[in-house]
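Below, read A as the first sequence line, B as the second, and so on, with proteins coming before strands; counting in each chain starts at 1.
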Amino acid sequence: MRYVLRRLALYAVAAWAAVTLGFVLPRLMPGDPATTLLARLRGKLSPAALASMRDALGFADGSLVHQYVVYWRHLLHGDLGLSVAYFPVPVGEVIGTGLGWTVALAGGAVLVSFAAGTLLGVVAAWRRGGVLDSALPPLLALLGAVPYFWLAMVALFAFGYALHWFPLGHAYSLDRAPAWNVAFAADVARHAALPALTLVVATLGGWMLGMRNTMVALLDADFIKLARAKGLPPRQIMLRYAARNALLPSITGFGMALGFVLSGSLLTEIVFSYPGLGYLLVEAVRNQDYALMQGLFLLITLAVLAANFLVDVTYVWLDPRTRAHA
Amino acid sequence: MRPRALVLALFAAGCSVAASPSSSPSPSPNVLSVSVEQASAWTRNFNPLLVGAARWPTRSGIYEPLMIWNAPAATWVPWLATDRRWSADRRTLTLTLRDGVLWSDGASFSADDVTFTFELLRQHRALDGAGLWDFLAEVRAIDPRTVELRLQRPFVPGLVEILQQAIVPAHVWRAVADPVAFTNPNPVGTGPFTEVRVFRNQVWELGKNPRYWQAGKPAVDALRMIAYPSNDQANLALVEGEIDWAGNFVPAIERTYVARDRANHGYWYPPTGATVFLYPNTARAPLDDVRVRKALSLAIDRRRVVDIGLYGYARPSDGTGLSDAYAGWRDPAVAADGWVRHDPRAAAQLLDAAGWHRAADGVREKDGRRLALTLEVVSGWSDWVRAAQVIARDLGDVGVEVTLRAYEWSAWFQRLQSGAFELAIACPSLGLSFDAPTPYYAYRWISSTSAARPPGELLPTNWNRFGDARTDALLGDFERTDDAAAEHALMRQIEARFAATAPAIPLFSSPLWGVYSTRRFVGFPSAKEPYAKLSPHSEPEDLIVLTHLSPRRR
């Protein structure tokens with residue numbers, strides 16, 4: 001428990017640092033939102049109009065320290081401000097258009113990819129030199145090395161456009177109102193299948209190879225030899241002894257991947273017309289939309305921290321040594 | 001290969017090989033699918049007073065202006081106002097409003113709404129993007145059907161801003177605390193489409209106004225807007241027959257789109273968009289020398305710029321630099337002025353005369369200074385980047401060393417506004433369609449002594465920082481007249497002045513993208529029937545099209 005508490009304190013400091021970075025970084029970018037606004041407003045905005053526009057947007061002029069205080073005060077009230085790119089829609093509402101879909105699609109894809117890749121890696125290492133071990137890794141490595149944009153386009157062209165197996169885009173049928181029922185869930189699944197599949201295919205190889213390689217190294221370890229010598233069933237050695245220990249590095253990677261789910265998967269969103277946070281992030285940068293950027297950074301930061309905390313807890317459970325040292 | 005080209009190559013191949021039947025899910029009958037804006041998800045914003053941020057067609061479907069400038073017909077179409085009249089001194093504009101117009105909630109439209117809208121702009125300058133109150137003095141209702149606008153000074157070109165201002169209902173907006181930050185989720189308007197039937201992140205539908213003042217219109221039940229994050233996805237949907245009307249650029253459109261259904265698929269890309277210029281920063285030597293600017297102009301092969309940069313869709317500029325939207329204003333004598341022809345030899349002679357002589361390495365020099373310039377473009381605006389590449393080569397041929405530099409949009413625009421550039425490719429209204437009855441703004445935005453500000457100061461227009469006192473005087477005279485003959489006489493002089501001073505180097509007038517399918521709806525404007533612009537990026541002119549379309553009879 002003390003271990004967990006100490007970690008929590010560390011995370012609080014990390015969260016503060018990250019939130020502060022989210023404040024500083026957008027302000028270091030070239031250009032400023034006022035000029036972008038000028039362009040959006042046909043380049044004819046009179047100086048008076050520009051000044052009142054800046055007021056309306058809540059650009060806290062004045063010292064950086066003052067802006068920083070205002071930033072924290074708004075943040076603590078849950079007020080993320082108004083988006084510039086989607087003015088005057090509040091940032092919370094803009095993020096809301098994509099958050100759920102990103103969590104479901106990218107999160108689901110990471111989970112499936114991690115689970116399947118790890119399992120394949122375990123089996124490949126256990127049956128070293130077998131069919132699975134010699135055929136799959138090169139194939140997956142090849143698919144992973146193909147530029148993702150191209151992979152997604154080809155998948156969309158082949159399975160969506162030419163064969164009509166999957167819809168050409170969007171997260172659900174346009175004539176169907178979102179509802180919590182089986183029919184809508186099935187519709188969402190049908191639409192998510194192809195984009196999720198491309199995401200899984202592109203990342204599966206990494207998980208599999210990582211797991212396989214750690215496994216292979218571990219299988220020569222003394223405690224595995226001991227387990228074999230004791231005559232334990234092979235399945236128990238494979239899963240409870242080897243895989244459990246080999247999982248540790250993969251879990252770290254998984255935590256990172258899970259945290260970055262919220263930064264969205266821009267290319268998937270664009271190719272499959274899927275709503276999500278990746279597109280919003282790019283729009284925010286394009287329009288110097290500090291408010292939206294800060295909102296998204298905050299979300300991503302918190303997600304990464306939460307995922308890392310989860311990893312730490314999992315470590316405690318998976319690896320008795322962490323418990324001993326705490 | 002660029003992604004876009006790749007995608008189209010793929011789908012073009014698919015058209016011939018797969019030849020799949022178009023099994024598109026047909027949306028409910030009598031709902032027109034339109035693709036104008038691109039987004040991954042829709043945000044609900046119907047505030048018509050904020051330019052550029054509200055969902056299409058907030059300013060050309062939900063809300064309506066007083067009159068609409070119909071560019072192809074070159075006429076004012078009376079809309080919420082039926083008549084306009086200038087006083088003799090051009091200081092007062094009197095508008096007569098239409099009878100029998102109702103807001104979509106049943107209240108009746110009156111002069112009160114008009115004065116309220118203009119008053120709102122005065123109190124919240126952020127909403128006055130057009131700068132109306134820079135020349136307006138007072139707006140008051142004479143009676144429920146008559147509005148009088150008094151101007152600070154005679155300013156006839158401001159008519160386009162006044163008449164095309166979207167009018168909001170006073171009885172609804174009076175209660176809005178902060179109209180600048182108001183997203184207006186449930187709009188009440190006078191337009192043909194006012195009822196938001198569906199609003200989801202991927203699709204939204206706008207149903208027709210049951211109380212619309214044009215009896216029997218619109219003939220379309222509802223508009224449907226589907227979210228596509230980029231041109232590729234929208235084009236794919238277009239090819240699949242899911243979209244009836246779009247403002248998209250479609251490469252090789254004859255092969256990829258029209259050939260799929262010759263009876264129904266059509267497009268109209270008239271070169272009536274803005275003129276794209278090569279902007280010289282005239283505050284810097286050697287671009288302050290008119291001979292150098294004209295030499296650059298003579299060195300450019302505009303035909304090749306258009307063919308390579310814009311797939312031949314645009315029209316090379318003539319001597320007036322006017323887009324085809326102002327075809328009626330063009331003085332043939334100025335248009336034929338040779339300063340925009342492709343003549344590298346004449347360019348070389350001009351540069352020699354200006355004292356720039358070729359050095360050993362072929363680049364010109366004067367007093368030890370090399371004639372080396374940087375040309376700034378927006379990275380990702382591939383048509384302009386290609387145009388810039390052609391220009392850089394052409395200029396290199398006459399001994400001007402040009403270095404291309406690509407910037408992210410906002411960085412590029414800041415450099416343009418602050419005068420940090422040497423050469424840049426840009427157009428005065430930067431991609432936003434802006435049609436006016438006269439080319440007044442087209443010239444004022446590239447030649448005005450008010451632009452002679454110190455470098456570093458941001459300019460909203462006139463980035464070339466060029467001023468000419470005689471052009472100023474002519475534009476001043478132009479502001480004070482609304483007599484057609486006098487206007488044309490003045491404009492001919494302004495055009496001649498433009499050709500003589502070369503404030504910026506016109507390249508081509510850009511096309512307006514418009515694509516349609518008559519499979520389900522008929523009545524789209526086209527080159528054969530140019531009753532209005534086809535491009536749906538034309539606020540508020542789209543109103544004319546939206547009230548003209550009707551479902552195909554079966």
inquiry  = For B:Y407, which atoms come within 4.5 Å of any heavy atom of chain A: side chain, backbone, both, or neither?
reply    = neither
task = Measure the spacing between CG of B:N45 and CZ of B:F182 and express it to the nearest 0.5 Å.
result = 9.5 Å
task = Show your reasoning for whether salt bridge (Lys or Arg N to Asp or Glu O under 4.0 Å) applies to B:E205 and B:R224.
result = CA-CA 4 Å; B:E205 283 183 16; B:R224 154 184 280 218; 3.1 Å; yes
remark   = Applying a strict 4.5 Å limit to non-hydrogen atoms, the region of A:Y172 in contact with chain B is both
message = According to salt bridge (Lys or Arg N to Asp or Glu O under 4.0 Å), does anything in residues 178-187 of chain A pair up with another residue at least two apart or in another chain? List the pairs.
response = A:R176-A:D187, A:D187-A:R190
Exercise: identify the closest heavy-atom pair between B:W42 and B:E37 = CH2-O, 3.8 Å
query = Checking B:T183 against chain A: side chain, backbone, both or neither under 4.5 Å from a heavy atom?
reply = both
inquiry  = So for A:P178, is it side chain, backbone, both, or neither that comes closer than 4.5 Å to the heavy atoms of chain B?
reply    = both
Residue, of A:L280, A:L174, A:T97, A:L163, that accumulates the most heavy atom pairs under 4.5 Å with chain B = A:L174
ask   = Side chain, backbone, both or neither: which part of B:W133 has an atom under 4.5 Å from a heavy atom of chain A?
value = neither
request  = Enumerate the residue pairs fulfilling salt bridge (Lys or Arg N to Asp or Glu O under 4.0 Å) with a member in residues 144-165 of chain A, sequence neighbours excluded, ordered by first and then second residue.
outcome  = none
